[in-house]
K.L.:
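What follows is a structure written as structure tokens; I'll ask about it next.
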Amino acid sequence: MTATEGPSPNGGGPGDGPEPTTGADGASATGGGPGGATPAAGGDLVGADPVGHRQGDTVAAVVRQWQAVHPGLDTGPMEIIGRINRCAALLQQAEDAPLRRAGLSRPEFDLLGALRRTGHELTPGELARETFSSGAAVTKRLKQLTERGLVERRGDTRDRRVAHLRLTDAGRELVDGILPAQLAYETAALSGLDAPGQGELAALLGELLAQLEGRLGALRS
């Protein structure tokens, strides 16, 4: 899985813009605090952070507001999950991303990327598992990608209800052409972190993801 192929839990279809993301506390990812209040800017974002994180991001303001309302509340989880949600929303909303210039949403590119990196045909159900998407969302995206001539389907000779999907030549060329530009864009987006910082962050997120996949997967089964 490349950096462009993250999970798309909202199941948004082709052309769907990301909906406002909600932080761990239920506040809008745009920084809305309790009751819909907007965190103050400027001097209010500077000062000692009670949990040791740098000031200046919207989640820090939301956390301080909740701590004022509930001084004894442990806001530690919000410090992590809120920031992950906020970072995901900002990355998805970037209008200059190569994916958007190519007329693709990230969930659509995830489908194309799954077909490219696995190197063989996949059924809609297999694509749903590969891209962490619902079956309905995959069906909607596949319809658009098929109409654009990027994906083609083949019926199963033994079961007419089963479809096998693969990239067309145009789909393969699009993926191979856009992937270097998308990775370069993501490299620029992460340029504020040095290489050791990126490695540490990747390791921590990998550990968290492995734990969540195991724990939440067991809850769903």
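Here the structure is a predicted model, which means the values were calculated and not measured. Just the heavy atoms: all of them, side chains too, but no hydrogens, waters or symmetry mates, feed the values below.
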K.L.:
Under the side-chain contact (heavy atoms from CB on, under 4.5 Å) test, which residues partner Thr146, sequence neighbours left out?
P.N.:
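With neighbours one apart ignored, the set is Val151.
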
K.L.:
Can you measure from CZ (Arg153) to CD (Glu121) and round to the nearest 0.5 angstrom?
P.N.:
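That separation rounds to 11.5 Å.
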
K.L.:
Indicate yes or no: at least one non-hydrogen side-chain atom of His120 is less than 4.5 angstrom from one of Leu122.
P.N.:
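Yes - at least one pair of side-chain heavy atoms lies under 4.5 Å apart.
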
K.L.:
Taking all non-hydrogen atoms of both residues into account, name the closest pair between Gly103 and Glu108 and its distance.
P.N.:
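The answer is O-OE1, 4.0 Å.
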
K.L.:
Rounded to the nearest 0.5 Å, what separation is found between the CD atom of Glu213 and the CG atom of Leu208?
P.N.:
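Separation between the atoms: 9.5 Å.
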
K.L.:
For a side chain to side chain contact (heavy atoms under 4.5 Å, CB included) check, start with the C-alpha distance between Arg86 and Thr58, then their side-chain angles and the critical distance, and finish with the verdict.
P.N.:
CA-CA 9 Å; Arg86 176 64 171 155; Thr58 54; 3.5 Å; yes

K.L.:
Does the side chain of Met78 come within less than 4.5 Å of Gln67's, by heavy atoms?
P.N.:
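Contact flag for Gln67/Met78 side chains = no.
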
K.L.:
Tell me every residue that passes side-chain contact (heavy atoms from CB on, under 4.5 Å) with Ala170, counting only those two or more places apart in sequence or in another chain.
P.N.:
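Once residues adjacent in sequence are excluded, the partners of Ala170 under the side-chain contact (heavy atoms from CB on, under 4.5 Å) criterion are Leu150, Thr168.
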
K.L.:
Could you check Leu111 against Leu165 for side chain to side chain contact (heavy atoms under 4.5 Å, CB included), going step by step and ending with a plain yes or no?
P.N.:
CA-CA 10 Å; Leu111 289 180; Leu165 299 141; over 6 Å; no

K.L.:
Report whether Leu91 and Phe132 are members of the same hydrophobic cluster (ILVMFWY, side-chain heavy atoms less than 4.5 Å apart, transitive linking).
P.N.:
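No; tracing contacts between hydrophobic side chains, which count when under 4.5 Å, never links both residues.
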
K.L.:
Is the backbone of Ala137 close enough, under 3.5 Å, to the side chain of Ser134 for a donor and an acceptor to pair up by distance?
P.N.:
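Answer holds: yes.
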
K.L.:
Could you check whether any side-chain heavy atom of Leu179 comes within less than 4.5 Å of a side-chain heavy atom of Phe109, counting everything from C-beta outward?
P.N.:
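Yes - at least one pair of side-chain heavy atoms lies under 4.5 Å apart.
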
K.L.:
Testing the basics here: between Leu127 and Ala114, what is the closest heavy-atom pair and its distance to 0.1 Å?
P.N.:
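Closest pair (atom of Leu127, atom of Ala114, distance): CD2-CB, 3.9 Å.
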
K.L.:
With no hydrogens and no angle check, do the side chains of Arg141 and Ser133 hold a donor and an acceptor under 3.5 Å apart?
P.N.:
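There is such a pair between these side chains.
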
K.L.:
Kindly compute the distance separating CD1 (Ile178) from OH (Tyr185), expressed to the nearest 0.5 Å.
P.N.:
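Between Ile178 CD1 and Tyr185 OH, I get 12.0 Å after rounding to 0.5 Å.
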
K.L.:
Atom CG of Leu167 and atom CG of Leu112: how far apart are they, to the nearest 0.5 Å?
P.N.:
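The CG atom of Leu167 sits 6.0 Å away from the CG atom of Leu112.
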
K.L.:
Look at the side chain of Arg83 and the backbone N and O of Glu79, then say whether any donor-acceptor pair between them is shorter than 3.5 Å.
P.N.:
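The answer is yes, because a donor-acceptor pair under 3.5 Å joins these two groups.
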
K.L.:
As an exercise, state the distance from CZ of Arg166 to CD of Glu152, rounded to the nearest 0.5 Å.
P.N.:
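If I round to the nearest 0.5 Å, the distance is 4.5 Å.
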
K.L.:
With side chain to side chain contact (heavy atoms under 4.5 Å, CB included) as the test, would you mind laying out the steps for Arg148 and Leu104 before giving the verdict?
P.N.:
CA-CA 11 Å; Arg148 289 182 59 179; Leu104 288 173; 3.4 Å; yes

K.L.:
Between side-chain atoms of residues 194-205 and protein atoms elsewhere (two or more places apart, or another chain), which donor-acceptor pairs fall under 3.5 Å?
P.N.:
| from | atom 1 | to | atom 2 | distance (Å) |
| --- | --- | --- | --- | --- |
| Asp194 | OD1 | Gly197 | N | 2.7 |
| Gln198 | NE2 | Leu190 | O | 3.1 |
| Gln198 | NE2 | Leu193 | O | 3.0 |

K.L.:
Could you give the distance from NE2 (His70) to OG1 (Thr75), rounded to the nearest 0.5 Å?
P.N.:
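So the NE2 of His70 and the OG1 of Thr75 are separated by 11.5 Å.
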
K.L.:
Between Lys140 and Val138, does a side chain to side chain contact (heavy atoms under 4.5 Å, CB included) hold up when you go through it step by step?
P.N.:
CA-CA 5 Å; Lys140 180 181 178 182; Val138 167; over 6 Å; no

K.L.:
Heavy atoms only: give me the nearest Ala188-Ser191 pair and the separation to one decimal.
P.N.:
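Looking at all heavy atoms of both residues, the shortest contact is O-OG, 2.7 Å.
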
